[in-house]
Each structure stands twice: as structure tokens, then as C-alpha cells.
Amino acid sequence: MTNIISELGHSNLKKILSGPGLRFQTGPFNISLKSTLPAITQHIEKLYLQSKLLDDTNFIDFYITVDQIPGMRRWVRPQVVFSFDGYKPFKPLPIEQAPASLEWGLNWCVASSSHQYLIIHSAVVEKNNHCLILPGSPGSGKSTLCAALIHSGWRLLSDEMALLCLSDGKIYPAPRPVSLKNRSIDIIKDFTQNASWGQRVKGTTKGDIEHMRAPENSIFKQTTTAYATHLVFPHYKSGSKNKITPLSKGRAAMKVIENSFNFNILGQQGFEVISKLIDNLECYDFTYPDLDHALSGIDQIVSK
Amino acid sequence: MKSALLIDFLRRRSANELKKLNTESYPWELLIRQSRRANLISRIAQLLLDAEILDSIPSQPRQHFLNSLCIAKANARATYWEVQDIHNVLKNQNIDFILLKGSAYIWTKNSASKGRLFNDVDIMVRESSLAEAEKKLIHSGWMTSSLDAYDQRYYRQWMHEIPPLRHLKRQTTLDLHHSIIPPISHSGFSPAKLWQQATAIKGMPNLYTLSNIDMILHSATHLFHEGEFDQGLRDLSDMDLLIEEYILKEALWNDLLARAVELNLEIPLYYALNYTRIILHTPVPEDVIGKAARQGELGRLHNQIMDRLFLKALAPSHETCKTQGAAMAKFLLFIRSHWIRMPWHLLLPHLTRKAWIGLKGGKT
Amino acid sequence: MLLFKTWGEECVVYNTLSGDTHLLPILHAKTLQLIDKKRDSDDLINHLMVEYGINRESATEQLDSLHNTYSSLGLIAPLATQPAAITV
């Protein structure tokens with residue numbers, strides 16, 4: 001009985017993906033994925049190799065398909081579409097963008113239906129019981145910073161979504177491939193030789209994308225939850241100096257609400273859980289000029 | 001043909017029947033998948049909650065049902081807010097308006113509000129108030145959809161609504177109708193008759209809902225005349241619940257039949273009664289179906305053809321319960337729905353234009 | 001229903017009916033709370049006079065301006081039911 005995806009081998013993996021569907025676990029979610037596309041087989045093989053396999057008795061949260069659109073377009077400009085139990089949340093994309101389509105699609109499934117959590121658009125990392133929420137507004141450099149942190153001793157809980165459980169107030173890990181864009185890809189490739197990468201996906205609406213595999217320890221510890229201790233809003237500003245500014249809790253709460261995917265769905269419960277969260281968090285705005293400074297700045301923040 | 005799990009569940013949706021389910025071994029995952037696709041997952045969740053068996057379902061499927069209820073609650077909250085905002089605008093001009101469909105169910109908290117999800121608020125004003133209502137709503141932050149001149153004409157002149165309005169800030173959609181059958185079709189229907197029986201909402205001047213029976217007839221007309229079957233099973237489920245609440249309890253079948261005649265809606269009523277009975281086992285008496293068919297003056301051959309089409313179009317469409325020919329049936333019914341709303345000399349150019357836009361990859 | 005959460009000099013107000021959230025200085029939040037509790041205008045004017053140390057005329061002006069702000073934010077919309085405020 002195989003336990004993790006890497007034990008399947010390439011041809012078996014391909015057969016399962018094209019056939020009954022690959023059943024695997026990622027964080028708190030059970031997925032069944034079907035795809036006949038070689039790019040998807042490659043993506044899974046490279047970036048999900050340590051994910052736990054599930055059998056037919058396990059409940060599946062999301063049945064998803066990433067596949068080519070049949071018909072005339074197959075030959076002219078082939079397209080791929082993501083589908084969740086027959087529902088297609090996105091328009092079709094050029095077939096080269098299949099891996100990105102899978103990752104965006106999975107994010108969509110989680111964000112649109114997992115309301116046992118307040119879901120904050122942010123990275124979450126943890127080290128020595130310090131658990132940082134790094135919300136990601138455009139230009140913040142959140143993903144690049146997150147990628148650097150998880151190769152500097154920090155554990156990845158998520159690069160996109162903080163899952164704050166309503167019932168116990170803890171963050172539930174959902175470590176998946178980290179999505180990096182354009183220049184960030186080269187920056188991180190310079191920063192560390194220890195990362196594994198998927199294929200480069202060109203020409204998306206966000207530019208070029210490459211996915212970086214989640215480090216091993218984050219997958220091993222993906223059932224270990226954490227209480228958030230710090231909320232840090234990163235601002236990348238080339239040529240600046242490190243600047244750590246305490247953020248008032250009122251403003252921090254408003255910004256967390258702005259950055260939450262499902263605050264409007266949770267209503268009063270969402271407000272109460274954010275209030276409790278902010279009560280226990282140290283909140284900062286953090287401007288940094290480059291990764292090395294960023295890492296030392298983060299260390300400074302958690303040692304205060 | 002074996003019916004889908006979703007249909008089986010809906011047929012035995014009463015609390016007493018649901019309590020008999022073996023919650024440990026029931027195929028919840030399959031039910032979740034089919035019902036999610038049919039936009040019925042929150043309805044199923046509410047039925048389970050009402051039957052007090054949600055807590056005894058295994059935790060993983062239970063979480064999906066709970067999450068769907070969360071969404072439905074948020075939907076209802078947002079609807080209350082929208083209706084109140086619209087009411088503030090229209091009552092200041094003393095413009096009466098009737099809440100239609102989902103927003104009416106949510107407002108009256110009737111049985112069709114159970115786990116009901118929807119995106120648009122639908123309201124109806126008198127034709128004489130339409131221009132004023134549109135103007136005031138636009139002044140209060142509602143924008144007309146950016147449609148080209150043809151579509152504007154299609155909606156205003158030929159259909160029974162103005163193009164959908166969208167709120168600038170909240171991004172919610174409001175459909176403003178002045179009738180429920182487009183003026184261009186020749187069915188002799190008159191919205192004044194709806195106003196005569198409309199129910200005023202206590203404490204909210206100018207706000208009305210349709211009478212209970214008219215709500216059922218409107219739901220039937222919407223499904224069987226407007227040709228959109230994506231929510232077909234959901235609409236049928238609404239009718240099943242409304243018939244139980246408003247008609248069954250006091251056996252008001254004759255009132256329902258008579259009102260359909262009064263409003264020239266005999267045909268959609270027959271379809272509603274026939275298909276809720278066949279598909280969802282709504283307990284419509286045989287003689288009532290017979291009367292409804294005779295009122296509609298529908299021939300046997302016609303009914304057989306329509307059965308084939310509607311039963312396919314209304315079946316749940318999920319990979320675990322696909323129906324052969326469903327797509328074609330939906331297409332034919334779509335054509336039919338336009339045909340009964342527009343005369344031929346307008347229909348052909350209209351459909352041609354929609355097809356052309358579709359080919360170019362635009363939104364029809 | 002309005003929910004209030006205060007940290008220091010700032011208060012976040014959540015309107016359960018509209019789903020909107022607002023950040024208000026604590027003094028404004030206190031005034032809003034009083035308006036929400038349907039305290040009469042005299043009460044409110046006196047409260048503002050004491051808190052701000054201003055005269056009656058200025059306090060009345062302040063109150064009018066706050067009324068307008070809150071109602072344009074939907075915090076005190078004319079609703080069918082007027083619920084009480086709760087501090088989280």
C-alpha cells in the first residue's frame with residue numbers, strides 16, 4: 001500500500017490521473033484530481049511528491065478536473081479549463097497555463113467553501129512558536145518574502161491563505177506550492193539553491209509564474225496548528241531602509257477585514273473572531289529594501 | 001431509469017422520512033456533489049437541520065452542509081439590506097413595488113426560503129411608475145448594465161423588464177419588472193390582476209409580495225416560459241415546498257386552478273403540477289392534474305413531446321447522474337421560450353444575433 | 001445591530017445588517033452608541049458639550065454633522081427594527 005505520491009512512479013501516476021482520479025490530502029483538505037495533461041502529471045510529480053494518498057473510503061472535499069476543452073479548439077489554440085464538480089469558476093486559459101490553472105482553482109475551491117475558517121489573504125509562517133501572518137496587498141512582496149523565510153528556518157503554513165479556525169482560533173496549515181511571479185522567481189533562485197521548481201508558465205495575466213515546492217518539514221508538520229502571534233504588513237521598497245512601525249490594533253483589524261476572502265459570509269462570527277485575533281497579536285507595518293534586510297527585520301520583530 | 005440520489009432525497013424530504021435515514025452509511029459525499037451542482041446544497045442542509053439530524057452526520061460531510069448554510073445566511077442578510085435600501089428609495093416617491101421570487105421568499109420566511117440562494121433582487125412596479133422608479137434608483141447609486149442599444153431595446157420594448165441595474169458600491173443586481181409575462185407575447189395576461197391580490201407588508205408602506213397562489217404561478221411561469229434550466233431543479237423544489245405550504249394544507253387546489261385561468265397561466269400551471277409530481281413526487285391529486293391539462297388545452301401528443309424535453313432538461317446534471325440528450329432538450333426549450341415570447345419576425349434576427357455574438361466569444 | 005470593539009483611542013464598529021465595518025475615533029464611537037440607544041437630542045448635546053468642552057451651538061452643529069455621516073455610512077439607517085448595541 002503506497003502512502004505518498006512519490007511512491008507511485010510516473011506511469012502509474014499518469015494512469016491514475018487520466019483514469020479514476022488521484023486522491024490525495026493537502027492540509028485539511030482531501031482532493032480528487034483528474035487530468036489527461038502531461039503538464040499536470042509533471043506538476044504533481046514534482047511539487048506534491050510528499051502528499052499523502054487517500055483510498056476510496058476517505059471522504060473527498062473537492063472533486064476537480066484540469067483538462068483540455070474538447071472540440072474544434074483542440075487544434076487551433078488549445079485551451080485548458082478548471083472544473084470543480086462540473087462547475088467552471090474561470091474562463092478557459094491557454095493550455096500552457098495548466099499548472100497555474102490548477103493552483104488558482106484549488107485556491108478558489110478553498111476560499112469559496114471553507115467557512116469553518118476565516119480566510120485571510122496572506123502568507124503564514126512559523127518558527128519557535130512565533131507565528132506570523134503576512135497579508136499580501138499588491139507590491140508588498142509577500143510571496144517573495146515568504147519564499148525566503150521558509151528557506152531560512154521558518155515553516156510554511158500557507159503562502160496564500162491563513163485559515164483561522166472559528167472554533168479554536170488556531171491557524172490550520174495548508175502548505176502548497178508557492179507561486180512566484182516574474183522577477184521574484186530569479187530573486188529566490190539566487191537566494192537559495194535548495195528549492196525545487198515546477199515548469200515556468202508564461203504569459204498569464206500576472207506575467208510569468210513558477211511554482212516552488214513546499215519544503216519537506218512543512219508537509220510533515222501540516223497537521224500541527226499554531227496560534228498567530230504577529231501580524232506584519234510587508235512593503236517592499238527598493239533602496240529604502242528597514243522600518244518597523246507598530247500598527248494600531250484598530251487599523252490592523254480594518255486591514256485584516258479588507259484582506260479576508262470570506263468576512264462578508266461569516267458576518268458577526270467573522271467580526272468576533274477577528275476581534276479576538278487582534279487582541280492577541282502584535283501588529284506592524286514593515287518596509288524593507290531587499291530580502292537580507294527583510295529577514296533580519298523579521299527576526300527583530302519577533303524578538304521584541 | 002434509476003433516479004439520481006439528489007432526486008431520491010428530495011422525494012423524501014419531510015422530517016419524518018429523513019429521520020429514518022442511516023446517517024452513518026448514507027452516501028453523503030455523492031449527495032453533496034450532486035446538490036452543489038444543482039445549487040441545492042444549502043436547501044438540503046436546511047432540510048437536514050430542520051429534521052434535527054445534521055448533528056448525527058459524519059463530521060466531514062457535515063462541515064460542507066454547515067458551510068453552505070453559512071453562505072445562505074449571508075445571502076439572506078444581504079437581501080434584507082438590499083430590499084430595505086430599495087424600499088427607502090421607492091417609498092419616498094410613494095412607488096409601490098412587489099418583491100418577486102427569492103427576495104419574496106426570504107422576506108416572508110416561507111418554506112421556499114429554506115437554504116435559498118440567489119444573486120439578483122427581482123421587483124415589479126406598475127408600468128406607469130417604471131420610468132420614475134428607474135430614475136430614482138439610478139440617482140441612489142444603481143447603474144444600468146452597460147448593454148448596447150439592441151439589448152436595451154430588447155429588454156425595454158419586448159421583455160417585461162428594464163435591463164438589470166447594478167449597485168455601484170455593493171455590486172448587487174436588481175431586476176426591475178413591470179410584468180411577469182413580456183408584453184410582446186399574446187397571452188392576454190394583465191399585471192393589474194397580480195396587484196389586485198398582492199399582499200401588503202406590515203410596517204413597510206409601498207412594499208408588497210404576490211399572493212401565495214400567485215407566487216406559485218409566478219414560479220411556474222418563470223421556469224416553464226423563460227427557458228433557463230440551470231436552476232430548473234431548484235425552481236421545481238421551490239414549487240414543491242410552496243405547494244405543500246400554501247395549497248396542500250387546506251386543499252386549495254380549485255383556487256389554484258381557477259386563478260391560473262384568470263391569469264391565462266393555465267399552461268405553466270399544468271407543467272408545474274405535472275413535473276413536481278413526476279420528479280419530486282409532490283402529492284398532486286390525479287383529478288387536479290387532469291383538470292389542469294384540460295384547462296391548458298394541451299393535446300396528448302404535445303404532452304408526450306414536452307415530457308421528453310422537460311424531464312431531460314430538469315434532471316440534475318452531474319457526472320454521476322448524466323442524462324442523455326439533456327443539452328439538446330434544454331436548447332429546444334430555450335428556442336421555445338423565446339418563440340412564445342416573441343413573434344417569428346423578431347425571433348429569428350434575435351437568435352441569429354445571439355449566436356453571432358456567441359461565436360465571436362462575447363457575452364450573449 | 002451594531003457591534004463595537006475598542007482598542008485604546010480607536011473603535012471598530014460592525015453593522016450586522018449591512019456587513020460594513022468602520023473605524024471611528026473613540027469619541028465618535030461613544031456618540032454613535034448613544035444615538036443607537038435612542039438617547040434624546042438634549043442628552044447627546046450635553047454629552048458632546050462635556051466631552052469636547054464646547055458651547056451648545058457648536059455641539060448641536062457637531063451632532064447634526066455626525067448624524068449625516070453615520071446615516072450616509074448606513075450606520076443609522078431607518079430600519080424596520082432598531083436593535084441595541086453590543087460591545088464585543
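Throughout, a chain's letter reflects where its sequence line sits, starting with A, and its residues are numbered from 1.
- Within 6.0 Å of the NZ atom in Lys181(A), the count of heavy atoms belonging to other residues, nucleotides or ligands does not exceed 12.
- Remark: Asp285(A) engages Lys255(A) in a salt bridge (Lys or Arg N to Asp or Glu O under 4.0 Å) (not counting sequence neighbours).
- At a threshold of 4.5 Å between non-hydrogen side-chain atoms, the residues Ile298(A) and Tyr288(A) do not count as touching.
- Note that the CD atom of Gln116(A) and the CG atom of Leu266(A) stand 10.0 Å from one another [nearest 0.5 Å].
- The contact between Thr16(C) and chain A is made entirely by side chain atoms (from C-beta outward), counting heavy-atom distances below 4.5 Å.
- With sequence neighbours left out, Ser112(A) forms a side chain to side chain donor-acceptor pair (under 3.5 Å) with no residue at all.
- Of residues 228-252 of chain A, those residues lying under 4.5 Å from chain C by any heavy-atom pair are Ser248(A), Lys249(A), Gly250(A), Arg251(A).
- A distance of 6.0 Å or more separates the ring centres of Phe62(A) and Trp108(A).
- Using a 4.5 Å cut-off on side-chain heavy atoms (C-beta onward), Ile278(A) and Ile274(A) make contact.
- Interatomic distance, Cys11(C) SG to His22(C) NE2, rounded to the nearest 0.5 Å: 11.5 Å.
- Around the CD atom of Gln25(A), the shell of radius 6.0 Å holds more than 12 heavy atoms that belong to other residues, nucleotides or ligands.
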### side chain to side chain donor-acceptor pair (under 3.5 Å) between Asn55(C) and Ser58(C), worked out
CA-CA 6 Å; Asn55(C) 64 26; Ser58(C) 308; 2.8 Å; yes
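- Using a 4.5 Å cut-off between non-hydrogen atoms, no part of residues 165-172 of chain A approaches chain C.
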